[in-house]
Amino acid sequence: QVQLVESGGGLVQPGGSLRLSCAASGSIFRIYNMAWYRQAPGKQREWVATINSGYSTTYADSVKGRFTISRDNAKNTVYLQMNSLKPEDTAVYYCHMVGQDYWGQGTQVTVSS
């Protein structure tokens, strides 16, 4: 069993930055791809970014150039650095262990002036 715990969400003004963290329990973290998803009110959950076990990254077009996903296997943690935030980035952000049915509880990000 793996637990994923997100942190780092909050309220930020447009153009601001936040860094989300997702800490994983267990010893299997390093062998799995990790992803961030988000879900805005009234909308379906959407994929944001993925980092594989070899540290290669992919991004949704909507966040490319603004968000950066990274991982620290020594700390069992995946990060999402979010810059130049827009109101449309407002959502609950979830981390996910790709290929496994493990999700975090989510952390709220609100971008508003």
Side-chain angles (χ1 to χ4, degrees):
Q1 187 74 13
V2 173
Q3 288 188 324
L4 302 174
V5 180
E6 300 100 337
S7 61
L11 173 64
V12 63
Q13 291 187 342
S17 298
L18 281 175
R19 188 195 196 201
L20 306 184
S21 300
C22 171
S25 64
S27 60
I28 64 172
F29 174 82
R30 65 182 63 244
I31 68 174
Y32 283 98
N33 299 352
M34 297 295 298
W36 285 95
Y37 285 74
R38 66 186 181 185
Q39 187 166 18
K43 294 187 177 181
Q44 290 189 331
R45 191 172 296 188
E46 66 172 356
W47 169 73
V48 174
T50 298
I51 184 166
N52 69 18
S53 58
Y55 295 87
S56 294
T57 59
T58 52
Y59 298 92
D61 287 345
S62 59
V63 306
K64 199 173 295 183
R66 300 187 298 121
F67 291 10
T68 302
I69 188 171
S70 60
R71 66 190 298 162
D72 184 339
N73 286 345
K75 296 182 178 180
N76 274 15
T77 301
V78 61
Y79 304 97
L80 186 68
Q81 177 67 44
M82 306 185 295
N83 298 328
S84 302
L85 283 161
K86 304 175 182 180
E88 51 263 44
D89 294 318
T90 295
V92 178
Y93 284 71
Y94 301 89
C95 66
H96 172 55
M97 183 171 282
V98 180
Q100 303 292 312
D101 191 23
Y102 297 127
W103 293 84
Q105 82 288 352
T107 186
Q108 176 71 47
V109 171
T110 302
V111 184
S112 175
S113 55

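Values below: every heavy atom of this structure, side chains too, minus hydrogens, waters and symmetry copies.
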K.L.:
Sequence neighbours left out, what passes salt bridge (charged side-chain N to carboxylate O under 4.0 Å, His left out) with Lys64? Give chain and number order.
P.N.:
Asp61
K.L.:
Using the side-chain hydrogen bond (donor to acceptor under 3.5 Å, both in side chains) criterion, which residues pair with Asn52? Sequence neighbours excluded.
P.N.:
none
K.L.:
What side chain to side chain donor-acceptor pair (under 3.5 Å) pairs are there with at least one residue in residues 20-33, not counting sequence neighbours?
P.N.:
Tyr32-Gln100
K.L.:
Which atom pair, heavy atoms only, marks the closest approach of Leu20 to Gly9?
P.N.:
CD2-N, 3.6 Å
K.L.:
Are the side chains of Arg45 and Arg38 in touch, meaning some heavy atoms are under 4.5 Å apart?
P.N.:
no
K.L.:
Would you say the side-chain atoms of Gln44 pair up with the backbone N or O of Gln39, donor to acceptor, closer than 3.5 Å?
P.N.:
no
K.L.:
Do any pairs count as a salt bridge (Lys or Arg N to Asp or Glu O under 4.0 Å) and have a residue in residues 71-85, sequence neighbours left out, and if so which ones?
P.N.:
none
K.L.:
Hydrophobic side-chain clustering at under 4.5 Å (ILVMFWY, transitive links): who's grouped with Tyr37? Put none if nobody.
P.N.:
Trp47, Val92, Tyr94, Trp103
K.L.:
So, taking the atom named CE in Met34 and the one named OG in Ser53, what distance separates them when rounded to the nearest 0.5 Å?
P.N.:
12.0 Å
K.L.:
Taking side chain as C-beta onward, heavy atoms only, is Thr50 less than 4.5 Å from Thr57?
P.N.:
no
K.L.:
Going by side-chain hydrogen bond (donor to acceptor under 3.5 Å, both in side chains), name the residues that satisfy it together with Thr110, two or more places apart in sequence or in a different chain.
P.N.:
Gln108
K.L.:
If we only count heavy atoms from C-beta on, is the Leu11 to Ser112 side-chain gap below 4.5 Å?
P.N.:
yes
K.L.:
Could you check whether any side-chain heavy atom of Val78 comes within less than 4.5 Å of a side-chain heavy atom of Ile69, counting everything from C-beta outward?
P.N.:
yes
K.L.:
Tell me, do Gln81 and Ser70 make a side-chain contact under 4.5 Å, heavy atoms counted?
P.N.:
no
K.L.:
Name all pairs fulfilling the disulfide bond (SG atoms under 2.5 Å apart) condition that reach into residues 23-56, sequence neighbours left out, sorted by first residue then second.
P.N.:
none
K.L.:
Are Tyr55 and Val98 connected in the hydrophobic side-chain network, where two residues link if heavy atoms are under 4.5 Å apart?
P.N.:
no
K.L.:
Who passes side chain to side chain contact (heavy atoms under 4.5 Å, CB included) against Val12, sequence neighbours left out?
P.N.:
Leu18, Leu85, Val111
K.L.:
Could I get the full list of salt bridge (charged side-chain N to carboxylate O under 4.0 Å, His left out) partners for Arg19, not counting sequence neighbours?
P.N.:
none
K.L.:
Which atoms form the tightest heavy-atom contact between Ser113 and Pro14, and what is the distance?
P.N.:
N-CD, 3.7 Å
K.L.:
With side chains defined as the heavy atoms from C-beta onward, is the minimum distance between Phe67 and Asp89 less than 4.5 Å?
P.N.:
yes
K.L.:
For a quick test of reading the model, state the closest non-hydrogen atom pair linking His96 to Tyr102 and the distance between them.
P.N.:
ND1-O, 2.9 Å
K.L.:
If a pair satisfies disulfide bond (SG atoms under 2.5 Å apart) and one of its residues is in residues 20-112, list it, with sequence neighbours excluded.
P.N.:
Cys22-Cys95
K.L.:
If every non-hydrogen atom of Val2 is compared with every non-hydrogen atom of Leu4, which pair is closest and at what distance?
P.N.:
CG1-CD2, 4.0 Å
K.L.:
Kindly write out the residues that satisfy side-chain hydrogen bond (donor to acceptor under 3.5 Å, both in side chains) with Asn76, not counting sequence neighbours, or none if the list is empty.
P.N.:
none
K.L.:
What closest approach, in Å, do Ala91 and Ala40 show between heavy atoms, and which atom pair accounts for it?
P.N.:
CB-N, 3.8 Å
K.L.:
Considering all heavy atoms of both residues, which atom of Ala49 and which atom of Leu80 are nearest to each other, and what is their separation?
P.N.:
CB-CD1, 4.5 Å
K.L.:
Is it true that a side-chain atom of Glu6 and a backbone atom of Gly106 form a donor plus acceptor pair closer than 3.5 Å?
P.N.:
yes
K.L.:
For Gln3, give me all partners under side-chain hydrogen bond (donor to acceptor under 3.5 Å, both in side chains), at least two apart in sequence or on another chain.
P.N.:
none
K.L.:
Got Val63 and Met82 here, is their nearest side-chain heavy-atom distance under 4.5 Å?
P.N.:
no
K.L.:
Hey, quick one: are Tyr79 and Tyr59 part of the same hydrophobic cluster, counting side-chain heavy atoms closer than 4.5 Å, chains of contacts allowed?
P.N.:
no
